[in-house]
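This one's a predicted model, so the numbers in the text were calculated from it and none came from an experiment. All chains are named by letter (A, B, ...) in the order of the sequence lines, taking the proteins before the strands, and each is independently numbered beginning at 1.
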Number of protein chains: 2
Amino acid sequence: MKKGATIRDVAAAAGVSVATVSKYMNGTQRFTPAVEARLKEAVEQLGYRSNPLARSMITGRTHTIGLAILDIRNPHFTNIVKGANRVALQHDYTLLLVDTEESQEREKTLIESLAQRVDGMIVSSRMPDESVQWLLDLGKPVVLFGRSARFSISSVGTDSCLAGYMLANHLVKLGHKRIAYLGFGRSRWNDERIRGIRNCLDEHGLPLDIHETESPSAPAGERACSGLMLGPKRPDAVICYNDLIALGFIKEARELGFSLPHDVSVAGFDNVPYGEYASPALTSVDFQSEKMGELAMTKLINELHGKSEEGAGYSMLDPHLVVRESTVRRGVAEPADDASGADARTRKKASPTQT
Amino acid sequence: MKKGATIRDVAAAAGVSVATVSKYMNGTQRFTPAVEARLKEAVEQLGYRSNPLARSMITGRTHTIGLAILDIRNPHFTNIVKGANRVALQHDYTLLLVDTEESQEREKTLIESLAQRVDGMIVSSRMPDESVQWLLDLGKPVVLFGRSARFSISSVGTDSCLAGYMLANHLVKLGHKRIAYLGFGRSRWNDERIRGIRNCLDEHGLPLDIHETESPSAPAGERACSGLMLGPKRPDAVICYNDLIALGFIKEARELGFSLPHDVSVAGFDNVPYGEYASPALTSVDFQSEKMGELAMTKLINELHGKSEEGAGYSMLDPHLVVRESTVRRGVAEPADDASGADARTRKKASPTQT
DNA sequence: CTGAAAGCGCTAACAA
DNA sequence: TTGTTAGCGCTTTCAG
């Protein structure tokens with residue numbers, strides 16, 4: 001643990017002033033070959049690395065971006081982090097990560113202290129619209145996930161309503177009539193998704209049965225499953241608030257003795273990486289989460305560099321429907337597509353009676 | 001974007017000196033009620049928040065921990081981050097995340113600059129043992145994942161060798177004779193896992209067929225599958241370097257027309273969250289990754305607080321075998337356990353002939 | 001208990 | 001091109 005050399009040590013070793021060293025380190029200026037050589041030598045000799053803290057204190061920029069998310073374990077957010085990090089790296093920014101663990105109380109404190117250490121922040125939150133003003137008052141540029149109705153804050157999001165419509169439409173086309181939605185009301189996008197689904201179902205005069213999970217996670221999906229599948233209004237298709245819930249739902253449904261996807265089609269949102277490896281592989285709507293991270297970071301960095309014009313305001317990414325095996329034509333006992341060897345299964349237990 | 005008040009503003013407002021304000025903010029001292037009241041008022045009035053950068057410059061501590069990992073998208077690392085973050089938060093530290101994206105070149109630069117901004121680092125890396133000295137020379141306390149043979153650096157890991165033995169033993173007990181290992185040679189744990197597997201197989205006079213993937217990811221597992229399953233030595237059980245590879249392998253095997261787990265048992269390491277939701281649910285070895293993150297952070301923070309004694313050196317977590325549906329007794333056509341409705345499937349395609 | 005003063009390591013005018 | 005000189009906002013002796 002050797003103490004790092006300071007700018008003064010270098011200046012002394014090279015026989016120049018500290019200002020010269022500073023300029024050299026920052027490439028702010030050109031030098032006479034002689035000086036440059038001595039500088040280079042001295043820096044290498046001493047293994048000098050300029051102290052970013054001292055630098056930041058003066059310049060007022062830390063070259064750090066704060067990223068606040070709800071739960072790093074949710075692959076949706078993991079992807080966002082990945083995308084944001086990649087862009088940050090390209091621009092020589094580092095990422096200060098804050099995982100609020102879905103806790104509103106912690107969030108405020110954490111973000112407040114985060115704001116002091118970074119040049120700007122990207123925030124994914126369930127905070128109410130009122131708090132957005134507070135966020136802005138922190139005095140740092142912010143990019144938000146999801147639009148704020150009230151403030152013209154820079155933000156990126158996806159069309160959850162359209163996504164909902166897409167999924168509902170897909171299911172209706174497959175002949176489903178008893179469609180249920182397994183939602184997560186605390187999310188700001190839940191209502192949007194419902195709206196999209198309803199839009200579509202209304203067009204076909206179909207009802208929507210709405211249920212609720214206590215968290216946006218797979219275990220929550222598992223717990224909610226029996227309530228739907230063994231309840232009075234057993235659906236023939238269910239749309240889940242996100243893929244994690246859908247994954248849990250599927251697992252539990254099979255454990256209850258249902259044969260999927262034939263007893264019930266299931267779909268989610270987010271298109272998380274492991275939906276593809278589940279069985280039946282999960283139908284979902286891809287929100288391009290990694291791109292969301294990239295876009296948010298790009299917008300923020302542009303703002304930091306004064307190019308506020310470029311892509312300010314609200315940016316929306318297109319949702320893409322990804323059809324896999326978990327949604328299937330209603331009433332088809334065996335999969336139509338014989339090539340997909342993964343789908344053939346015989347029902348082992350009688351499915352519960354439909355009340 | 002209002003400029004924050006400085007310590008001087010508060011001092012002026014409260015009619016005291018900056019030193020007093022500093023002591024008040026840090027709770028270093030007691031004050032006369034009169035002064036304390038004025039201080040409190042002034043701080044609230046101005047919404048003063050002390051600048052952590054300026055503070056750090058003097059104290060030399062940033063209250064930030066650097067965490068360098070290979071790929072945030074690998075759930076194993078995601079869990080580590082989660083665990084580490086939780087402990088950090090408890091101790092009022094924040095996390096500077098670096099995702100090296102499995103790139104050795106980038107890693108060195110990134111870690112070097114990381115070292116300057118943090119009080120200590122937790123590093124997960126494939127760097128050779130030689131580089132550990134370099135890491136230490138950065139002058140910051142470090143906790144490493146995986147032991148270094150040469151240096152007595154603080155580190156946490158799991159017994160990969162034992163884990164390998166466990167998995168092999170599990171498969172042998174199930175009657176498997178033609179066992180293959182689908183590895184990832186660039187990892188420092190690959191050899192350990194092989195060693196453990198071999199230890200077990202040797203005891204039973206069984207051979208091990210070793211194959212290699214190009215990355216520790218699901219797509220790599222998919223790509224490697226046909227080489228094993230359609231090759232000259234088709235295995236009846238395969239152990240994968242990690243769960244992601246196993247997940248990919250399973251998916252592709254089914255697409256090739258195999259019926260799993262009956263045609264081939266598959267297992268991995270890490271026990272990632274989604275192995276449970278795959279089908280067949282993945283047998284794995286749990287390395288307690290979240291706990292690894294917690295432990296690493298705890299050790300580092302202890303070191304930073306001078307309690308170097310407590311838990312220094314190498315700590316090893318116990319691996320736990322998690323048996324699920326993807327490993328099954330050899331030669332059993334249908335699952336013995338009738339209760340697990342998820343396993344019943346008829347073979348749709350003839351399985352490829354065994355050469 | 002409180003304050004004055006000396007910096008932490010660096011950058012940014014401004015001089016030379 | 002190079003050097004001088006003020007600080008950035010804060011903590012920390014050391015007097016009072």
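For the pair Ala19(A) and Ala5(B), both in contact range of DNA chain D, the more 5′-proximal nearest nucleotide belongs to Ala19(A). Map Gln29(B) and Val21(A) each onto its nearest nucleotide of DNA chain C; the residue landing nearer the 5' end is Gln29(B). Along DNA chain C, the nucleotide closest to Phe31(B) and the one closest to Asn26(A) are compared, and the more 5′ of them pairs with Phe31(B).
Rounding to whole angstrom units, NE2 of residue His63(A) and C1' of dT11(C) are separated by 14 Å. Atoms CZ (Arg117(B)) and P (dG9(C)) sit 17 Å apart, rounded to a whole Å. Taking atom CZ of Arg49(A) as the reference point, atom P of dG9(C) lies 17 Å away to the nearest angstrom. For Leu39(B) and dG3(C), the CG to C1' distance is 13 Å, given to the nearest whole Å. With rounding to whole Å, Asn51(A) atom CG is found 12 Å from dC8(C) atom P. One can place NZ of Lys23(B) at 6 Å from C1' of dT2(C), the figure rounded to the nearest angstrom. Between the CE atom of Met25(A) and the C1' atom of dG9(C) there is a distance of 12 Å, given to the nearest Å.
The span of DNA chain D lying next to chain B, judged by atoms under 4.0 Å from heavy atoms, is bounded 5' to 3' by dC8(D) to dT12(D).
Donor-acceptor pairing under 3.5 Å is recorded for the side chains of Ser125(A) and Glu107(A). Looking only at atom types and distance, the side chain of Thr64(A) has a donor-acceptor partner in the side chain of Arg117(B) under 3.5 Å away. There is a side-chain donor-acceptor pair under 3.5 Å between Ser17(B) and Thr20(B).
Asp119(B) contributes a side-chain N or O that, together with a main-chain N or O of Thr62(B), makes up a donor-acceptor pair within less than 3.5 Å. In this structure a side-chain-to-backbone donor-acceptor pair under 3.5 Å is present from Lys299(A) to Gly313(A). Counting only distance, with no hydrogens or angles, the side chain of His63(B) and the backbone of Thr94(B) share no donor-acceptor pair below 3.5 Å.
For Arg49(A) and Glu112(B), the salt-bridge test passes: some basic side-chain N is under 4.0 Å from an acidic carboxylate O.
Counting any heavy atom pair closer than 4.0 Å across all strands shown, Tyr24(B) reaches no nucleic acid atom. Nucleic acid contact for Ser56(A): none, since no nucleic acid atom lies under 4.0 Å from a heavy atom of the residue. Across all strands shown, Ser50(B) has heavy atoms under 4.0 Å from sugar-phosphate atoms exclusively, and none from any base. Residue contacts shown for Ser22(B) include a base, since a base heavy atom lies under 4.0 Å away. Residue contacts for Arg30(A): at a heavy-atom cut-off of 4.0 Å it reaches the sugar-phosphate backbone alone, with no base atom in range.
In the set dA4(C), dC1(C), dT11(C), the nucleotide with an atom closest to the side chain of Val18(A) is dT11(C). Checking dG9(C), dC10(C), dT2(C) against every side-chain atom of Met57(B), the shortest atom distance belongs to dG9(C).
Considering only side-chain N and O atoms, Arg55(A) lies under 4.0 angstrom from the phosphate OP1 or OP2 of dT11(C). Here Thr20(B) reaches the OP1 or OP2 of dG3(C): one of its side-chain N or O atoms lies under 4.0 Å away.
Ile7(B) is listed as a side-chain neighbour of Ser22(B), based on a closest heavy-atom distance under 4.5 Å.
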